[in-house]
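As the structure is a computational prediction, the values presented were derived from the model and not from experiment.
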Amino acid sequence: MALTREQMAQRVARELRDGYYVNLGIGIPTLVANYIPAGIDVMLQSENGLLGMGPFPRPDELDADMINAGKQTVTARAGAAIFSSAESFAMIRGGHVDLTVLGAFEVDVSGSIASWMIPGKLVKGMGGAMDLVAGAENIIVVMTHASKAGESKLLPKCTLPLTGVGCVRRVLTDLAYLEIENGAFVLKERAPGVTVQYIKERTAGQLLVPDSVPEMQF
Amino acid sequence: MAGFDKRVQSYAQALEGLVDGMTVIAGGFGLCGIPENLIAQIRTLGVRDLTVVSNNCGIDDFGLGILLKGRQIRRMIASYVGENALFEQQLLSGELEVELTPQGTLAEKLRAGGAGIPAFYTATGVGTPVAEGKEERTFDGRRYVLERSITGDFAIVKGWKADWYGNVIYRHTAQNFNPLAATAGRITVVEVEEIVRPGELEPSTIHTPGIYVDRLIQGTFQKRIEQATTRSA
């Protein structure tokens, strides 16, 4: 069975470490905040200028001046800091954020990522994605393994306009957890009940399969 | 007006001198911290062929979206413009040009512009459509692209509190691009919720020092919320 959105978020959350400053993109990455393991503390960075994003406000706390990068109303947790967009991207571009989790349309064996533009469709913009992938050492891309038509999104070379070149090392899909090493995807874990063969058939880029590929546990 | 007193009496005075074809830099992120009354005044003025620099372009009936309605924007420099049907129409019809710019590069272009730095190298966008036609250089084995900074004829800024001298404090995440915009305007106009006497603001809490501010006005604000997300008590 392919992972649900919640399971994908849960699996990514296992990569969080105590004391990490983390930027979570829009969509499934945002859900990772719901699965922070017990006993560890992480600080969520929102690129509009908030380090220490808290939960959504209660209805009586709603404040137009307090939003996240997805333009949702949020709160600031104890120990939060608020600053300008230049300061925010200085943190991101200066490599101070420990982990970035974001979605993508395509990833390739060289670690390049395409996530913002589909030619022929209206382009809304890259927002902060190009800065995030250029600045972070530690990026996890979260995406479905293949399109609904079964077309692989893990490619020998991205076909869409890029967001960043050679910047991604780790990919979590609804079928597998993979790492990118020496120009290939290395299959590290598979979703419960999903066979290696099934993943192979849906991976267009070179896939290395170790002797043992454990199933993820939930 | 005397000495360092930046206060003006009306929105007409606040934007006096803004004419067709100028570049206007606007603070704000989504609808958060946008100079909504100054934008409304630009709508009233009816000036056209503007280049507008802002992270986003408002929504159809609020914020910078109302300038699209008036067909006043010729060129938009922004990082994300998704919330706006008029934007899409005018882009497809060719009335509007857009220069999509990574958000951090946009912030840095304004910061650098305001600081007298004409261009800077960044790793953001290398190998992507954003870097096409731009000069590249390698430092310590890594590729960087040269980005030009931005300054504007006017900067329009939304603050929370200011004193007469234009020392400004922003509230919460309504800060965003505002302090950067404030540095990058040839004429910087700030609207705030409250103006106080000099001496009432603690100097070390000032976000934008008055040296950057030319005109200051107190307004009343709708402060619309784009996505009101809440949790149960």
Side-chain angles (χ1 to χ4, degrees), chain A residues 46-50 53-76 80 82-93 95 112-114 116-117 119 122-135 161-167, chain B residues 27 29-33 55-56 78-84 87-88 91-92 98 100-108 110-112 122-130 143-144 160 170-180 207-208 221-233:
Chain A
S46 192
E47 64 265 25
N48 58 316
L50 169 60
M53 180 167 60
F56 292 145
R58 287 189 298 271
D60 62 321
E61 296 174 325
L62 208 58
D63 186 336
D65 291 338
M66 199 59 219
I67 65 166
N68 65 16
K71 292 155 193 160
Q72 299 170 310
T73 46
V74 290
T75 56
I82 292 174
F83 32 80
S84 74
S85 299
E87 186 75 48
S88 184
F89 281 93
M91 290 171 197
I92 290 166
R93 294 149 76 113
S112 293
I113 169 176
W116 70 287
M117 181 180 181
L122 184 79
V123 182
K124 293 185 169 185
M126 68 294 282
M130 285 190 183
D131 306 283
L132 282 159
V133 298
L162 296 179
T163 307
V165 175
C167 49
Chain B
F29 185 98
L31 299 182
C32 181
N55 189 55
N56 313 96
S79 89
Y80 192 83
V81 291
E83 330 292 349
N84 206 314
F87 196 96
E88 184 173 343
L91 194 61
L92 293 172
V98 63
L100 291 170
T101 303
Q103 197 173 132
T105 295
L106 184 61
E108 191 64 13
L110 295 173
R111 197 198 68 79
T122 178
T124 298
V126 168
T128 77
V130 161
R143 288 162 67 198
Y144 296 83
W160 178 40
Y170 306 96
R171 184 169 175 275
H172 300 335
T173 60
Q175 181 172 167
N176 56 61
F177 281 83
N178 279 298
L180 315 170
H207 294 116
T208 293
F221 297 84
Q222 296 182 41
K223 296 220 276 190
R224 287 203 208 167
I225 293 176
E226 209 158 333
Q227 286 189 53
T229 41
T230 56
R231 71 189 141 115
S232 47

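Between the side chain of Thr128(B) and the backbone N or O of Thr163(A) there is no donor-acceptor pair closer than 3.5 Å. Remark: side-chain polar atoms of Arg231(B) are not paired, donor with acceptor, to backbone N or O of Pro55(A) under 3.5 angstrom.
Both the backbone and the side chain of Val123(A) come within less than 4.5 Å of a heavy atom in chain B. Both the backbone and the side chain of Phe56(A) come within contact range of chain B, with heavy atoms under 4.5 Å apart. Both the backbone and the side chain of Val81(B) come within less than 4.5 Å of a heavy atom in chain A. Of the two parts of Leu91(B), only the side chain, counted from C-beta on, holds a non-hydrogen atom closer than 4.5 Å to a non-hydrogen atom of chain A.
Annotation: the span from Ile225(B) atom CD1 to Gln72(A) atom CD amounts to 12.0 Å, rounded to 0.5 Å. Between the NZ atom in Lys71(A) and the OG1 atom in Thr173(B) there is a gap of 12.0 Å [rounded to 0.5 Å]. Distance check: Glu88(B) CD to Lys124(A) NZ gives 7.5 Å after rounding to the nearest 0.5 Å. Atom NE2 in His172(B) sits 13.0 Å away from atom CG in Asn48(A) (nearest 0.5 Å). Note that OG1 of Thr124(B) is 9.0 Å distant from CD1 of Ile92(A), once rounded to the nearest 0.5 Å. Residue Gln103(B) holds its CD atom at 7.5 Å from OG of Ser88(A), rounded to the nearest 0.5 Å.
Residues Trp116(A) and Leu100(B) approach most closely at CZ3-CD1, 4.2 Å, considering heavy atoms. Taking every heavy atom of both residues into account, Leu180(B) and Ala86(A) meet most closely at CD2-CB, 3.3 Å. In plain terms, the two heavy atoms of Leu162(A) and Pro129(B) that are nearest each other are O-CD, 3.7 Å. Shortest non-hydrogen contact noted between Lys223(B) and Ala64(A) is O-CB, 3.3 Å.
Note on Gly135(A), Ala129(A), Ala69(A), Ala114(A): by heavy-atom pairs under 4.5 Å with chain B, the leading option is Ala69(A). Looking only at heavy-atom pairs under 4.5 Å with chain B, the residue among Ala134(A), Ser85(A), Ala76(A), Pro161(A) that has the most is Ser85(A). Between chain B and the options Gly49(A), Cys167(A), Pro57(A), Gly164(A), heavy-atom pairs under 4.5 Å are most frequent for Pro57(A). Put simply, of Gly104(B), Gly33(B), Ala107(B), the one with the most heavy-atom pairs under 4.5 Å next to chain A is Gly104(B). Ranked by non-hydrogen atom pairs under 4.5 Å with chain B, the options Gly127(A), Gly128(A), Ser84(A) are led by Gly127(A). Looking only at heavy-atom pairs under 4.5 Å with chain B, the residue among Asn68(A), Leu62(A), Leu50(A) that has the most is Leu62(A). Of the residues considered (Ala78(B), Gly27(B), Gly30(B), Cys32(B)), Cys32(B) shows the highest number of contacts with chain A, using heavy-atom pairs under 4.5 Å. Per-residue counts of heavy-atom pairs under 4.5 Å with chain A were compared for Asn178(B), Asn84(B), Asn56(B), Val98(B); the largest is that of Asn56(B). The greatest number of non-hydrogen atom pairs below 4.5 Å with chain A, out of Asn55(B), Thr122(B), Leu110(B), Leu92(B), is found for Thr122(B). Ranked by heavy-atom pairs shorter than 4.5 Å toward chain A, the options Gly127(B), Ala174(B), Pro102(B) are led by Pro102(B).
Partners of Ala90(A) under the side-chain contact (heavy atoms from CB on, under 4.5 Å) rule, at least two apart in sequence or in another chain, do not exist in this structure.
In this structure the side chain of Asp63(A) reaches within 4.5 angstrom of the side chain of Arg171(B), judged on heavy atoms. With contacts defined as side-chain heavy-atom distances shorter than 4.5 Å, the pair Thr230(B)/Glu61(A) does not qualify. Looking only at side-chain heavy atoms (C-beta outward), Val130(B) and Met130(A) come within less than 4.5 Å of each other.
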